[in-house]
Amino acid sequence: MEKICVLGLGYIGLPTASILATNGFHVLGVDIQKTKISQVRRALAPIEEPGLKTLLEAALNSGHLSVSSKPRPADVFIICVPTPLNKNSKSADLSYVVAAAQSIVPHLRRGNCVILESTVPPGTTEKILLPILKRCGLAVPGQLCVAHCPERVLPGNILKELVSNDRVIGGMDKTSALMAGKIYEKFTNGKMFLTDTTTAEIVKLAENTYRDVNIAFANELDAICSNLGVNTWEVIKMANRHPRVRILNPGPGVGGHCIAVDPWFLAEAAPTLSRLIQTSRSINDERPARVIEQIMQTLKTIHKSRPTVACLGLTYKANVDDLRESPALEIVLHLQREKTINVLAVDPHINSFNGTLRLMPLNTALRRADLIALLVDHKEFLDIDWQHWQKTKKHCRILDFKGALPSDSPITNLINEKTAA
Ligand code: SAJ
């Protein structure tokens, strides 16, 4: 098991290919995007991820990582391609998985192992991937191993979690699971849990759906608390002091390519049995509209003909450069269409944006703002001395949609003092 071909050099494929190479495997990273291949060859990480550039450089310098637009024969093939959502039908677009599988069929040999890491609806490995792979003429089980080992790493902490997370390994048969497990054993400190492919698919979807439903609860609680004039953050902080309560945070919405998408893959498998999941998705999807409404209502209290709103943050979450499904971006693009206001967008993690959005340096935006909307809790925003800043700019309103800015509430301060003691 020396040679590994990793298909897809994105958020998961590139770190995985690099870590495999630095652990002694001979890795070929394959991607259909020519620009990405040339970037990776020059050790330029196409995404902002702590430690990735250093790891990629080490992988290339070791001579164990090469990249190409086409797969070549290997012992193991790992598929890490995207599985986006068909927006209208709310179903998984498996075209990249299908294309990747088709591209390796001519290279498959007896004793090879094919691992699917992409997040997929239940049954995909067995019903979609397997029939394609079987076109090579090898028997599964027996001559070819096939497994689903879903990625579970958190963007922003990918390299640490690649090593420390437990892995769920679903095999088409026991030999497949054991063979796949041997690959991950080489670079993972976590435990390996062996199971069948459909169970592994559902485990992955259940993890992200659990998080989505929990966030939806926090968002619903926020709507209730706001209606009653109560600070939701304090409610959650105190409720979470209970040993068995762990409520997540409300916010301007759920974005990214995983949590806003994967629950639909579970719902798709059982549309009439997934009411909670579907309602949670709607609750989270409605958040940007609520944020926009709150901003517009607050602006009415600022008596100025064309007030300026500084929107802090565009990415889907803090400290990443990823704009996919970003609620903050949706909010800013919507606000920009309002003729009665002037919108300034700030994001230290985004250098340029294709389209109509003009990005502003943070200090300029803060200076000009009549209202500041904190949409993403990037470290650069939290580092500002807000209390001092507010003293110098008394008339500027601040709407903190992440509950991240210092609170002058006596209750919050008391909790913090006690925690620190
Ligand atoms: N969010 C909230 N409130 C919270 C937590 C998050 O509104 O309390 C929002 C974020 O702002 C963001 C979205 O949810 O818009 C998703 O962010 P996230 O940090 O919760 O998750 P992702 O999408 O970056 O990564 C998730 C992770 N899944 C879980 O934690 C169960 C990660 O481990 C997965 O590997 C990843 O999805 C994936 O690739 O599936």
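All heavy atoms count here, side chains included; hydrogens, waters and symmetry mates do not. Counting starts at 1 for both ligands and their atoms, following the listed order.
- Shortest contact from atom 23 (O) of ligand 1 to any protein heavy atom: Ile259 CG1, 3.6 Å.
- Where the criterion is an N or O separation shorter than 3.5 Å, residue side chain and backbone included, Gly255 meets it with respect to ligand 1.
- Between the side chain of Glu57 and the main chain of Ala43, no donor-acceptor pair closer than 3.5 Å is present.
- Residue Glu325 places no heavy atom under 4.0 Å from ligand 1.
- In this structure, the side chain of Asn208 does not engage the main chain of Asp262 through any donor-acceptor pair within 3.5 Å.
- Side-chain atoms of Asn214 come within 3.5 Å of backbone N or O of Leu248 as a donor-acceptor pair.
- Scanning all protein heavy atoms for the shortest distance to atom 33 (O) of ligand 1 gives Arg152 O, 2.9 Å.
- Among the atoms of Glu151, some N or O lies under 3.5 angstrom from an N or O of ligand 1.
- Nearest non-hydrogen protein atom to atom 30 (O) of ligand 1 is Arg211 CD, 3.3 Å.
- From the protein, the heavy atom lying nearest to atom 19 (O) of ligand 1 is Lys317 NZ, 3.1 Å.
- With contacts defined as side-chain heavy-atom distances shorter than 4.5 Å, the pair Ile259/Glu325 does not qualify.
- In terms of protein heavy atoms, atom 12 (C) of ligand 1 is closest to Tyr316 O, 3.4 Å.
- Judged by distance alone, with hydrogens and angles left aside, the side-chain atoms of Arg42 form a donor-acceptor pair with the main-chain N or O of Ser38 at under 3.5 Å.
- Near Glu207, the atoms of ligand 1 lying under 4.0 angstrom from a non-hydrogen atom of the residue are 31 (C).
- When side chains are defined from C-beta on, His148 does not count as touching Thr124, because their heavy atoms never get closer than 4.5 Å.
- In this structure the side chain of Leu133 never reaches within 4.5 angstrom of the side chain of Val140, judged on heavy atoms.
- Annotation: atom 35 (O) of ligand 1 to nearest protein heavy atom, Val153 O, 2.7 Å.
- Looking only at protein heavy atoms, the nearest one to atom 4 (C) of ligand 1 is Asn249 O, 3.6 Å.
- Heavy-atom proximity to atom 9 (C) of ligand 1, evaluated over Gly253, Ala328, Pro155, Gly256, is greatest for Gly253.
- Heavy-atom contacts of Lys402 reach the following atoms of ligand 1: 11 (O) (cutoff under 4.0 Å).
- By the 3.5 Å distance cut-off applied to N or O atoms, Leu248 is not counted among the residues near ligand 1.
- Atoms OG1 and CG, on Thr364 and Leu359 in that order, are 12.0 Å from each other to the nearest 0.5 Å.
- At a 4.0 Å heavy-atom cut-off, ligand 1 does not touch Arg287 at all.
- Remark: aromatic rings of Phe77 and His107 are distant, center separation not under 6.0 Å.
- At least one heavy atom of Lys204 lies less than 4.0 angstrom from ligand 1.
- Among all protein heavy atoms, the one lying closest to atom 38 (C) of ligand 1 is Cys258 SG, 2.8 Å.
- Checking only distances, Asn208 does come within under 3.5 Å of ligand 1, N or O to N or O.
- A donor-acceptor contact shorter than 3.5 Å links the side chain of Glu201 to the backbone of Thr125.
- Between Leu159 and Pro15 the shortest side-chain heavy-atom distance falls below 4.5 Å.
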